[in-house]
Protein chains: 2
Amino acid sequence: MSEYPVFSVTVDLVMLTVRSDRLHVLLVRRGVAPYLDGWALPGGFVRPDEDLDGAAARELREETGLTAPLGHLEQLASYGAPDRDPRGRVVTVAYLALLPDQPVPVAGGDAASAAWLALPAPELAFDHGRILADGVERARAKLEYTPLATAFCPAEFTVTELREVYQTVWDAHLDPRNFHRKVTTTPGFVEPVGRSVTADRGRPAQLFRRGSAQLLHPPMLRPA
Amino acid sequence: MSEYPVFSVTVDLVMLTVRSDRLHVLLVRRGVAPYLDGWALPGGFVRPDEDLDGAAARELREETGLTAPLGHLEQLASYGAPDRDPRGRVVTVAYLALLPDQPVPVAGGDAASAAWLALPAPELAFDHGRILADGVERARAKLEYTPLATAFCPAEFTVTELREVYQTVWDAHLDPRNFHRKVTTTPGFVEPVGRSVTADRGRPAQLFRRGSAQLLHPPMLRPA
DNA sequence: GTAATAGTGTCTATGAGACACTATTGG
DNA sequence: CCAATAGTGTCTCATAGACACTATTAC
């Protein structure tokens, strides 16, 4: 064991949300070298007694204050090129979080400041640009065959809100009528709450919450 | 950096192949403690100057002798529970390899012996049982929306061989006529070589090679 | 009433699933 | 000719995509 190199292991988070019809990512301004004052994904070292998933959940909590009954957190991929961190051999396990718009970033730790930035994001520190791109692509793909678009919504939401999530993430227009039919007839996608909300004007919209399905059968297909 | 724990980083490989209508995985018998003489996934430590992908490709080469123009290798996931290795804090980055039947395992390194075992596999060392299960599930899912079933086949193959791959990995029966239509009409899935091969008896079958598509549009759906 | 938003019904085209026969080889 | 395997054609059903009107609210 001692003949092999010593690594540090970090978790980095690609936290995405939909705000004002734009996809946003939570970024921090680095307060320490390297890349001092540069934008980076939030993250940090895995602690001695932590699982990887636990470290990611902790970072998510620290950045948002969310104790995470809402939203979605999953492992994305690991990155470990020998030169990816000038300080030494660091492998990072990236996680992808999909969150409703509510959370306000909380500065702390190495982060001089944190902010939700609309995509496309500025140049990022380390290989975080690549990690972010991988996360966005994963999110786009997963909206097709899972109900995870609901992770971008509050606990109760309207069909229109859900459609706006799809349109934003995919950067595409979806027919409101076909979308309504698809969402309400795919088993386990959403279930009606029974109440309605009215926007400023117009007919009140029914509220739904996420259903029990883990996978969409058949999937929601991206427009060609 | 020094205030945080020191990790070792390994890569472990879930190498799958289809042989005699059964899914097989390459396993090694451990020659050292812990889990001495137990079955485990092949793998090893990442070297000082190696990328993670490079370490996985090297392990694949060492186990099979394959210089890998054929088959498919991709990162699966990382596993880092604090107690997953009794020797210390070890994070492993698991890779998934899909390979044609040809390769014969080569014993070496920590492995007292290596063998292709039909699934379901025996109990494995560490958390390798879980990693294997995740790898098989990933393979099953990827056959739906990618042309990766071809990675289990030699460079040139018949439609029947490809169908047997699907049937084995999915443990399901597929209608030969509908399958033939689906494979030959999905753009970029396969392309005809122009030659035929004849089995012992029967009409000769056309040979195909993998096409240029990265994704199947529309996907090949698993039977309900 | 008017503007604004929610929600529904129909027609068509495409693809999946079920199914039976013809084609080409070795023996 | 027979056995074995490859390959094709048709019908039906489910679902996606295009598209226009009705319903309910605030003002």
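No experiment lies behind these values; they were computed from the predicted model shown. In what follows, every chain begins at residue 1, and chains take the letters A, B, ... in the order their sequences are listed.
- Taking atom CZ of B:R195 as the reference point, atom P of C:dT24 lies 20 Å away to the nearest angstrom.
- Rounded to whole angstrom, the span from the NE2 atom of B:H173 across to the P atom of C:dG17 amounts to 12 Å.
- Nucleic acid contact for A:T158: none, since no nucleic acid atom lies under 4.0 Å from a heavy atom of the residue.
- In terms of polar N and O atoms assigned as donor or acceptor, the side chain of B:R181 comes within less than 3.5 Å of the base of C:dG17 in a complementary pairing.
- As a whole-Å value, the separation of A:H217 NE2 from D:dT15 C1' is 15 Å.
- Below 30°, between 30° and 60°, or above 60°: for A:Y166 and A:W170 the angle between ring planes is above 60°, a perpendicular geometry.
- Evaluation of atom-type donor-acceptor distances gives no pair under 3.5 Å for the side chain of A:R177 against the base of D:dA18.
- Residue-level contact check: A:A205 touches the backbone only, with heavy atoms under 4.0 Å from sugar-phosphate atoms and none from bases.
- When the P atom of D:dT24 is taken as reference, atom CG of A:L207 falls 17 Å away, rounded to whole Å.
- Atoms CZ (B:F179) and P (D:dA6) sit 12 Å apart, rounded to a whole Å.
- A donor-acceptor contact closer than 3.5 angstrom links the side chains of B:D134 and B:Y79.
- For A:T160, the side-chain atoms get nearest to C:dA6 when compared with the rest of C:dG17, D:dA6, C:dA6.
- The phosphate of D:dT15 (OP1 or OP2) has no side-chain N or O of A:K182 nearer than 4.0 angstrom.
- Between A:R163 atom CZ and C:dT8 atom P there is a gap of 14 Å when expressed in whole angstrom units.
- At least one cation-pi condition fails for B:R30 and B:W39: the charged atom is not both under 6.0 angstrom from the six-membered ring centre and inside a 45 degree cone around its axis.
- Between A:P204 and B:H180, the residue anchored nearer the 5' end of DNA chain D, judged by the nucleotide with its closest heavy atom, is B:H180.
- Counting to the nearest Å, the P atom of C:dA16 and the CZ atom of B:R222 are 16 Å from each other.
- Atom CG in A:N178 sits roughly 16 Å away from atom P in C:dA6 (whole-Å rounding).
- Residue A:D175 is classed as a base contact, given a heavy-atom separation below 4.0 Å to a base.
- Heavy atoms of A:S196 sit nowhere under 4.0 angstrom from any nucleic acid atom.
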- Task: Start with the C-alpha gap between A:L124 and A:I131, add the side-chain angles, then the distance that decides, and say whether side chain to side chain contact (heavy atoms under 4.5 Å, CB included) holds.
- Result: CA-CA 10 Å; A:L124 300 187; A:I131 298 175; over 6 Å; no
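- Across the interface with DNA chain C, nearest-nucleotide mapping of B:R203 and B:L221 shows B:L221 to be the residue nearer the 5′ end.
- Residue-environment remark: CZ (A:R130) stays at or below the threshold of 12 foreign heavy atoms within 6.0 Å.
- For A:D200 against C:dA4, no side-chain N or O and base N or O form a donor-acceptor pair under 3.5 Å.
- Map A:V159 and A:R201 each onto its nearest nucleotide of DNA chain C; the residue landing nearer the 5' end is A:R201.
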